[in-house]
Amino acid sequence: TEHKGCKLKIRCLKVSGFRCLTDDFQITFEDDLTVIVGENDSGKTTLLECLKVVTQNKSIELDDFNYDSNKIEISVEIDDFIFKKVYEKSTDRVCEESFSAKPTDQYLDDLRDKLTAANFDISVEENIEFIRNTARMFGIAVRSNSNIQNLENNILARIILEEGSEELVIENVSFPEFNNIQLDGKQFENIPGFFKEVFLKEKQASIWKEEVHDGQTVAEFVKSKIEGYSNEITDKISEKGILDRIKLFLKDLTDIKVEPLFQPRDLNIDAKVKFLEDGKEINLDKKGDGTKRRITMALLEFKKEESLLSHDETTVYLLDEPDTHLHVKAQLDLMKTMESFAEEDNQVIITTHSPFIINSVNPKQIRMLENKSNISSIRYLNNQADGSNRILKSLGIENTYLFFARHLIVVEGETEAEFIPAYYLKKHGRMAASNLVKVINTQGITNIPGFTQAILELHDPEKIYLVFDNEATPELRRLIDLLNIPAERKFIVGEKEFEDSIDSNVLCRCWCEYLGLCGYAVPESWSAENIENLKSDARTNAKKFSKGIRALNTGSGKRMTKRVFGRVLGEYINEDELPQRLVDIFDAIN
């Protein structure tokens, strides 16, 4: 049923028995932009295929059934209804058992309120049409002479049925028509195919509904219509500046013309898209994949200004890895295009492997799929997502680490936060970040419960490590308790501070070598003996050891901070000088 002013968005997908999506797999989508990530074969493309089964009537094959199931159930929830398709597998064929729709509770409440409102006048033509359409949607017979009051009463009776013991389910439905663009990576490189999907798909579906008049045959009428569509598109390409945008990638381009192809014999409508340079057609097959995708991006910019269906005010974009073969800047340009769609109240659902795209969005917009034993599961910010999103953004942790880090090391101070990456580079010859090892300093965390909740929703707890001293702050102790990390992944380093775990001679030598390399003088006060005395005094009199050793550096000309000192220690310390618990940490994250 078409509703004027409709804004169709996909809210939720539930799947059981389809490839790796089984055991009542469920994923929700953001109202604006959802980025689906995961390793290869985690189920990203499969997820989009499931959406197409319900929304586009994509066929199910025998190979689509999970090896452990003879039944597939796929449900897609929009604002008003939950549409469900059920398939059964026999020996050599697939049977569609049912396609039904269940009204959402909110829709039934809104519909009841509308029909029972004092100002709802059933004599108004618009309301008459609304009642007729709604009655058809509920499976109620509607004839030309049907009494409108009776139809309204029958609708209300069906709503009351929903509130009783029986469930209101409408059988033999079809998914409502809506503005949507569904493209995979190959289509992004197939420019003619892209034109067909974006510009001609809806025309193909609707042209047969047009009335034939003035003695024209169907073939003549259709031919004149598609010629008009082609000319209209060609004109708009020029008027909207799309030609100039594509010239950024094809410098010698002079014109774009959409030439209709029509075969009355099989009622097939198609189009050939010609890119011209001084009247001569360009062979796009000789252009690189990146160039083709950038042209597609320019076309998408044009598409966002167009509307296919008058009753649907939005467009849903389902894009499967559109960033493939694009360089970094082009990937970010693509995301700007996608975000502009979302900002205009459209819905974008995109799969990607690009770390640049992953890091460019909010954590709450990401859904990460994981596949174990051919069964996919999902990680995302679920509970109080907006609050968790603010916490993670304020810490500045890249999304790639939140979701994909091999090891997440939580520390309580600046010295160790700098020491661990610096020594990792020294030990392995590559940065910790390049090996997906991330250090998080708890000093930047103001909301311990919120941070803990977010981390455990997004990250595998078995990959989290804790580094703290014997006098950890109350905040850190609370974090430790909430994370519930086992003892083997808790590393106590230092009695009162991280620095006091390292031998005084080593502390002295490392800083001396650093000052010498940088051309600074070593103060007379900077000695292993003085450092050891400070360490002893700090243990006995509850003083800050790190503050004392910074005072010993007075006169060097180089200011010592905890961050600088931690980095220097990591760069200059030798493996045999590491305290045992630090050795254990680096062995664990190797």
Side-chain angles (χ1 to χ4, degrees), residues 10-30 34-56 58-77 82-91 93-98 182 184-185 318-321 349-353 358 363-383 385 399-408 436 453-464 484 486:
I10 298 173
R11 303 302 178 189
C12 180
L13 169 70
K14 296 181 181 179
V15 187
S16 185
F18 188 91
R19 302 179 193 168
C20 59
L21 304 183
T22 188
D23 293 341
D24 296 321
F25 174 89
Q26 178 174 328
I27 180 173
T28 59
F29 302 100
E30 297 295 315
T34 304
V35 178
I36 302 170
V37 303
E39 297 181 0
N40 290 330
D41 298 322
S42 61
K44 300 187 300 297
T45 299
T46 297
L47 189 153
L48 296 186
E49 292 291 316
C50 285
L51 289 174
K52 294 177 184 179
V53 168
V54 176
T55 65
Q56 300 295 310
K58 182 183 182 299
S59 61
I60 293 284
E61 308 292 338
L62 287 169
D63 289 344
D64 291 328
F65 286 81
N66 184 277
Y67 65 89
D68 200 29
S69 176
N70 291 319
K71 186 176 184 179
I72 290 176
E73 295 184 4
I74 305 175
S75 297
V76 172
E77 180 176 345
I82 301 172
F83 292 87
K84 183 177 182 179
K85 277 196 173 186
V86 179
Y87 296 85
E88 295 279 354
K89 179 175 69 173
S90 63
T91 304
R93 65 192 182 96
V94 177
C95 300
E96 182 178 323
E97 295 295 310
S98 66
Q182 304 182 10
D184 59 29
L318 300 178
L319 308 178
D320 193 6
E321 298 185 15
I349 301 173
I350 179 176
T351 69
T352 185
H353 287 287
I358 294 170
K364 74 170 186 175
Q365 294 175 309
I366 297 177
R367 307 289 187 270
M368 186 177 80
L369 295 180
E370 298 176 310
N371 188 310
K372 296 180 180 179
S373 302
N374 199 35
I375 295 177
S376 291
S377 59
I378 190 166
R379 288 186 180 275
Y380 67 109
L381 290 178
N382 184 20
N383 188 18
N399 292 330
T400 46
Y401 295 117
L402 291 174
F403 288 90
F404 293 104
R406 292 177 59 244
H407 305 291
L408 205 61
L436 292 176
Q453 174 184 287
I455 287 295
L456 292 179
E457 283 184 331
L458 303 185
H459 203 74
D460 187 345
E462 296 181 358
K463 298 177 181 178
I464 299 175
N484 195 27

- Message: Within the 4.5 Å heavy-atom criterion, are Glu96 and Ser98 side-chain neighbours or not?
- Response: no
- Item | Pairwise side-chain contact, Val94 with Phe65, heavy-atom cut-off 4.5 Å (strictly under) | yes
- Message: How close do Asn70 and Glu88 get, counting heavy atoms only, and between which atoms?
- Response: O-OE1, 3.4 Å
- NZ on Lys364 to CG on Asn399, rounded to 0.5 Å: 13.0 Å
List the atom pairs, with distances to 0.1 Å, where a side-chain N or O of residues 35-46 and a protein N or O form a donor-acceptor pair under 3.5 Å, not counting sequence neighbours.
from: Asn40; atom 1: OD1; to: His353; atom 2: NE2; distance (Å): 3.2
from: Ser42; atom 1: OG; to: Glu39; atom 2: O; distance (Å): 2.7
from: Lys44; atom 1: NZ; to: Gly38; atom 2: O; distance (Å): 3.0
from: Lys44; atom 1: NZ; to: Glu39; atom 2: O; distance (Å): 3.2
from: Lys44; atom 1: NZ; to: His353; atom 2: NE2; distance (Å): 3.4
from: Thr45; atom 1: OG1; to: Asp320; atom 2: OD1; distance (Å): 3.4
from: Thr45; atom 1: OG1; to: Asp320; atom 2: OD2; distance (Å): 2.9

- Message: So which atom in Ser90 and which in Leu62 form the shortest heavy-atom distance, rounded to 0.1 Å?
- Response: O-CD2, 4.2 Å
- Message: I need the Tyr380 OH to Ile366 CD1 distance, nearest 0.5 Å.
- Response: 14.5 Å
- So, do Leu13 and Ser75 sit near enough that their side-chain heavy atoms are less than 4.5 Å apart? no
- With side chains defined as the heavy atoms from C-beta onward, is the minimum distance between Tyr87 and Phe18 less than 4.5 Å? no
- Item | Presence of salt bridge, Glu73 and Lys85, under 4.0 angstrom | no
- Message: Any heavy-atom pair between the side chains of Cys20 and Ile375 that's under 4.5 Å?
- Response: no
- Message: side-chain contact (heavy atoms from CB on, under 4.5 Å) for Val76 and Ile10? Distances and angles first, verdict last.
- Response: CA-CA 7 Å; Val76 172; Ile10 298 173; 4.0 Å; yes
- Who are the salt bridge (charged side-chain N to carboxylate O under 4.0 Å, His left out) partners of Lys89, not counting sequence neighbours? none
- Message: Return the CD to CD1 distance between Gln365 and Ile350, rounded to the nearest 0.5 Å.
- Response: 11.5 Å
- Task: Starting at CG of Leu318, measure out to CD of Gln182 and round the result to the nearest 0.5 Å.
- Result: 4.5 Å
- Task: Would you mind reporting whether Ile378 and Met368 have side-chain heavy atoms less than 4.5 Å apart?
- Result: no
- Could you give the distance from CG (Leu21) to CG (Asn66), rounded to the nearest 0.5 Å? 9.0 Å
- Polar side-chain atom of His459 near backbone of Leu402 as donor-acceptor pair, under 3.5 Å: yes
- Query: Are any of the side-chain heavy atoms of Asn374 and Asn371 separated by less than 4.5 Å?
  - Reply: yes
- Task: Carefully, step by step, assess Arg19 and Asp63 under the rule side-chain contact (heavy atoms from CB on, under 4.5 Å).
- Result: CA-CA 8 Å; Arg19 302 179 193 168; Asp63 289 344; over 6 Å; no
- Side chain proximity check, Ile72 to Ile74, heavy atoms < 4.5 angstrom: yes
- Query: Does the pair Leu408 and Lys463 meet the rule for a side-chain contact (heavy atoms from CB on, under 4.5 Å), with working shown?
  - Reply: CA-CA 6 Å; Leu408 205 61; Lys463 298 177 181 178; 5.8 Å; no
- Query: Quick one: CG on Asp64 to SG on Cys50, what's the gap to the nearest 0.5 Å?
  - Reply: 8.0 Å
- Query: Between Arg379 and Glu370, is the closest basic N to carboxylate O distance under 4.0 Å?
  - Reply: yes
- Query: Where do Asn383 and Gln453 land on the side-chain hydrogen bond (donor to acceptor under 3.5 Å, both in side chains) test, with the steps shown first?
  - Reply: CA-CA 8 Å; Asn383 188 18; Gln453 174 184 287; 3.2 Å; yes
Return a table of donor-acceptor pairs under 3.5 angstrom between the side chains of residues 22-30 and protein atoms on other chains or two or more places apart.
from: Thr22; atom 1: OG1; to: Gly17; atom 2: N; distance (Å): 3.3
from: Glu30; atom 1: OE2; to: Arg367; atom 2: NH2; distance (Å): 2.8

- Task: Verify side-chain contact (heavy atoms from CB on, under 4.5 Å) between Leu456 and Ile464, making sure each step is shown before the conclusion.
- Result: CA-CA 9 Å; Leu456 292 179; Ile464 299 175; 4.3 Å; yes
- Please indicate whether Lys84 has more than 12 foreign heavy atoms, meaning atoms of other residues, nucleotides or ligands, lying under 6.0 Å from its NZ. no
